[in-house]
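Notes follow the structure.
All values below were derived from every heavy atom in this structure, side-chain atoms included, with hydrogens, water molecules and symmetry-related copies excluded.
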Amino acid sequence: MVAAVEQPPSPSSNTKLQPESYGNFDLTQRHKLDYADISVQKWVSRETGLSVVHLDYESPIVKGYFVVTTEIFNDSGCPHTLEHLVFHGSQRYPYNGVLTSLAKRAFSTGINAWTDTAHTAYTISTAGQQGLLQLLPVYVDHILYPTITDASFLTEVHHTNGNGEDAGVVYAEMQGRQQTSADLATLKIQGLLYPPSSAYRSETGGLMEALRILTAQEIRSYHASYYVPHNLCLIVAGNVSTTDLLDVLQNKIEPNILEHGQNGARADWKRPFLETPSKERPIIENVVKDVVEFPEKDESVGELSITLIGPEPGDHLIRKAIDMLGTYLTRGPVALLNKEFVEIPSPVSTFINFWNTIRASFVALEIYFASVPIEHLSTLDEKLRKSLQNFAKEGIDMERMRILLKRERLKLMNKLEAEGGDVFTLSVIEDIMYGAKDGSELEPAMAEMKRFAELETWTSQQWTDLLTKYYISNPYIAVQAKPSADLAAKLEREAKARIEDQKAKLGPSGLQQLAKLLEDAKKEHEKEIPKELLTSFAVPDVKSIRWIDVQSTRNDPTKNEPGNNAIIKTVTQLDKHIANDKTEIPFFIEFDHVQSLFVTVSAYLSTAEVPERLRPYLSVYLWSIYSLPMTRSDGTKLTHEEVVKQLDDSTVSYIATLGVDGSFSENLRMSIEVEIGQYETAVAWLKDLIFGIEFTKDRLEVNIAQIQQDLPEFKRDGWRVSNAVSTGLLFNSTSNRVISTIVSQMEAIPLLAKELQENSKAIIKDFQTIRDLSE
């Protein structure tokens, strides 16, 4: 498949801000990006403080993110529980599920929400603006004025059932999370880094022991404190008339707020995180090391999490430079840390990730090592620091940094095409939490291309100085997450004992009473939504949706064969263009023509002829395919490192999977995305990746070792395991879907690793067979 493209028009220059109002709403910020056709506006109500940020760009899909800054100084989970309860009805729409039902009539794929450390965001996406604008007053009513009934609390947050067991949607969610390695390590780091006076120390999801004693009234009180109009910002991303948006805010949302007497901030209001003790910048004076255990019968591998204090949140250039350092150190098989710790026969880790987390007064720099053998866990942080010191002495490979900067810039442009202004949603949320109230810090936060341009002028010394300042000379907190079979057994015993004790205290009559309360709550939830309420919500006009213009055509390799009477139509310009090309191609190609700076070329290779005994090898084949030695069509031989470096230099992205998004998994898909001027390059790469790759023992050994070492961690993932079980029930045992699940791989990969050591020539020949049969 080939996605053919043409270049879009150049965006216009920035628009100068002029004083402007619409009813109660004043324009406080407007600017247009100089590298994408996206404009940004922020409006704030002078009466209620409600604000809206509009990211305006061409798209058939309109998205809404309705953000409340939520600060909590305990582990009760009020922000998280409230996120769930908002969807259970509001003052004007007091029916469970009414928001979801109305969203379906608004051409929406659904509504959702998430709770982070410092905010809660409620989301919706609709086809066209009409549905979102119609649903907006209903959604805001749910956010600002939810019913939060005792019945909703029982079913959604926590209850004790008739068997004496603790349950509830939120409780079950945290039950599945609280004892995971990631959550335990994160909570430990928060406790070591932040003082007791900081909300950043809290588990906003709620710890189980706190959820068991939480009450609906506590949640109502929390809502009254933080879910106020001046602490709510509506982000609307997509092609929406700003006038229509403001009209809905002014005439349908503002009156409801004013009726509730909410006309501005309270006298005692303190802006969360910025005017509270949470703003205090933590200090790590010396290296701090600690250990947390998590329940796991397989004690072979653990995880390491490291946190350092980074720059100020507003220092966007240094933040981008730190991002690029992380990419330089960990992106791909040729990255320095990967070569030292991952791309070896006995990996010290199978995955290394650098990222950062924004706080009110600083940026937390995070490093994560996955699937670390227990024998390396206690010393890995020290080995990392020594490696970074050596890298600083050697200096930065400026050619590789140039490639990575170019590639990251292209990936941003590609993402802007696919997602438009939605790319900046998280930047806007960060600004809502920590930026100036008028939005004046939004423009510099979005000036990504200027930062790329400036970083392209940096010297090796500037990069090594940055590495030294933030990752070598900087004290850190390192938390080891160690698996413990004893802890798993202990937690199981304690849970059973607590439930038995709870049953004894409640007694038969108490349990019966709790069962009745739960049954009554369920009945209240099942209260039918009046049909007239649903039908009064008009379904939008399909014509209001702005569709993406796509032209598609295909070649017919069998058009000259006897009996083929198909008529090839030449309706669109694309049809005519392909018809005029007299080159005879012996295989099927689909061409999709859209307005873009990029082209994606995909090859779909059938695995139907791959023998059953070789199908378990497909996961290794896919893992390895872009990092193997190769002989190119012109006879040039490349090492695996040269392949990776040249692919990074000439492409925007590349991927190899079974099928597409979980479907058609009997086909192997290889896709390469490039700038439009590199179309021939993409085709040449695909050809050589299909026909020219060379399997060697050392590369197979490294890749198989990584997969094998990841298996214990994959076993801990409930979704992977449940998906493996359901897939096994639905599909043939020899299908790619079943063979690629964790259950099948647990058996196949260790056996493959053993056979590679005992008879490498036979295994290499097997992989060559897969390659040849898939051609």
Please answer whether the main-chain N or O of [Y] pairs with a side-chain N or O of [X] as donor and acceptor at a distance below 3.5 Å.
| X | Y | value |
| --- | --- | --- |
| Tyr470 | Ile322 | no |
| Ser744 | Thr741 | no |
| Thr180 | Arg177 | yes |
| Asp381 | Ala478 | no |
| Thr639 | Glu642 | yes |
| Asn703 | Val620 | no |
| Ser735 | Phe731 | no |

Does the distance from a Lys or Arg side-chain N to an Asp or Glu carboxylate O, for [X] and [Y], drop under 4.0 Å?
| X | Y | value |
| --- | --- | --- |
| Glu456 | Arg402 | no |
| Glu382 | Lys289 | yes |
| Glu612 | Arg615 | no |

Hey, what do you get for [atom1] ([X]) to [atom2] ([Y]), rounding to the nearest 0.5 Å?
| X | Y | atom1 | atom2 | value |
| --- | --- | --- | --- | --- |
| Leu325 | Leu388 | CG | CG | 9.5 Å |
| Thr651 | Lys411 | OG1 | NZ | 9.0 Å |
| Arg720 | Phe714 | CZ | CZ | 4.0 Å |
| Ser619 | Ile749 | OG | CD1 | 4.0 Å |
| Ile625 | Met670 | CD1 | CE | 4.0 Å |

Open item on the list: What verdict does the side chain to side chain donor-acceptor pair (under 3.5 Å) test give for Ser371 and Asp710, after you've listed the backbone C-alpha separation in whole Å, the side-chain angles of each residue and the deciding distance to 0.1 Å?
Closed with: CA-CA 6 Å; Ser371 299; Asp710 269 333; 2.9 Å; yes
Which residue in the set [options] passes side chain to side chain contact (heavy atoms under 4.5 Å, CB included) when paired with [X]?
| X | options | answer |
| --- | --- | --- |
| Pro483 | Glu293, Glu713, Lys297, Glu299 | Glu299 |
| Gln709 | Pro347, Ser349, Ser346 | Pro347 |
| Lys637 | Arg632, Met630, Glu694 | Glu694 |

TODO: Start with the C-alpha gap between Lys754 and Glu758, add the side-chain angles, then the distance that decides, and say whether side chain to side chain contact (heavy atoms under 4.5 Å, CB included) holds.
DONE: CA-CA 6 Å; Lys754 182 173 180 290; Glu758 295 175 351; 2.7 Å; yes
Open item on the list: Before you tell me yes or no, could you show the steps for Ser663 and Asp661 under side chain to side chain donor-acceptor pair (under 3.5 Å), namely the whole-Å CA-CA distance, both residues' side-chain angles and the distance that decides it to 0.1 Å?
Closed with: CA-CA 6 Å; Ser663 300; Asp661 297 331; over 6 Å; no
Task: Check against salt bridge (Lys or Arg N to Asp or Glu O under 4.0 Å), Arg400 and Asp397 - done: CA-CA 6 Å; Arg400 175 163 161 74; Asp397 180 346; over 6 Å; no
- [ ] Mind running side chain to side chain donor-acceptor pair (under 3.5 Å) on Glu366 and Thr307 for me, showing each step along the way?
- [x] CA-CA 5 Å; Glu366 318 276 5; Thr307 297; 2.7 Å; yes
Over 12 non-hydrogen atoms of neighbours within 6.0 angstrom of [atom1] in [X]:
| X | atom1 | answer |
| --- | --- | --- |
| Ile548 | CD1 | no |
| Lys687 | NZ | no |
| Glu609 | CD | no |
| Lys383 | NZ | yes |

With a 4.5 Å cut-off on side-chain heavy atoms, are [Y] and [X] touching?
| X | Y | value |
| --- | --- | --- |
| Lys406 | Asp649 | yes |
| Arg699 | Ser627 | yes |
| Thr464 | Ile396 | yes |
| Asn736 | Thr607 | yes |
| Val292 | Val479 | yes |
| Glu590 | Ser552 | yes |
| Thr657 | Leu622 | no |
| Asn759 | Lys761 | yes |

Could you verify whether a donor N or O on one side chain and an acceptor N or O on the other, from [X] and [Y], lie under 3.5 Å apart?
| X | Y | value |
| --- | --- | --- |
| Arg385 | Ser387 | no |
| Ser300 | Asp298 | yes |
| Ser378 | Gln480 | no |
| Gln706 | Glu343 | yes |

TODO: Dump the intermediate steps for side chain to side chain contact (heavy atoms under 4.5 Å, CB included) on Met398 and Trp463, then the final yes or no.
DONE: CA-CA 9 Å; Met398 293 305 293; Trp463 287 109; 4.0 Å; yes
TODO: Only pairs at least two apart or in different chains count here, so list each side-chain hydrogen bond (donor to acceptor under 3.5 Å, both in side chains) that has a residue in residues 320-329.
DONE: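 Every side-chain hydrogen bond (donor to acceptor under 3.5 Å, both in side chains) pair that includes a residue of residues 320-329, provided the two are not neighbours, is Lys320-Glu448, Asp323-Asn356.
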- [ ] Kindly determine whether Glu408 and Lys415 satisfy salt bridge (Lys or Arg N to Asp or Glu O under 4.0 Å), including the steps that lead there.
- [x] CA-CA 10 Å; Glu408 290 301 304; Lys415 197 173 182 183; over 6 Å; no
- [ ] Tell me, with the steps shown, if Val348 and Val342 meet side chain to side chain contact (heavy atoms under 4.5 Å, CB included).
- [x] CA-CA 6 Å; Val348 176; Val342 179; over 6 Å; no
Open item on the list: Please determine whether side chain to side chain donor-acceptor pair (under 3.5 Å) holds for the pair Glu303 and Ser181, giving the CA-CA distance in whole Å, both sets of side-chain angles, and the decisive distance to 0.1 Å.
Closed with: CA-CA 8 Å; Glu303 301 166 23; Ser181 55; 2.8 Å; yes
Open item on the list: Can you confirm if the NZ or CZ of Arg409 lies within 45° of the ring axis of Phe452 and under 6.0 Å from the centre of its six-membered ring?
Closed with: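 Not satisfied by the 6.0 Å and 45° rule.
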TODO: Kindly determine whether Arg331 and Asp648 satisfy salt bridge (Lys or Arg N to Asp or Glu O under 4.0 Å), including the steps that lead there.
DONE: CA-CA 10 Å; Arg331 180 69 55 80; Asp648 284 348; over 6 Å; no
Open item on the list: List the residues meeting salt bridge (charged side-chain N to carboxylate O under 4.0 Å, His left out) with Lys339, not counting sequence neighbours, and say none if there are none.
Closed with: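 Lys339 satisfies salt bridge (charged side-chain N to carboxylate O under 4.0 Å, His left out) with Glu641 only.
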Open item on the list: Please determine whether side chain to side chain contact (heavy atoms under 4.5 Å, CB included) holds for the pair Ile306 and Leu304, giving the CA-CA distance in whole Å, both sets of side-chain angles, and the decisive distance to 0.1 Å.
Closed with: CA-CA 7 Å; Ile306 298 173; Leu304 179 68; 3.9 Å; yes
TODO: Determine the interplanar angle of the Phe767 and Tyr617 rings, folded into 0 to 90°, and report it as parallel if under 30°, tilted if 30 to 60°, perpendicular if over 60°.
DONE: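 If you compare the ring of Phe767 with that of Tyr617, the planes turn out parallel.
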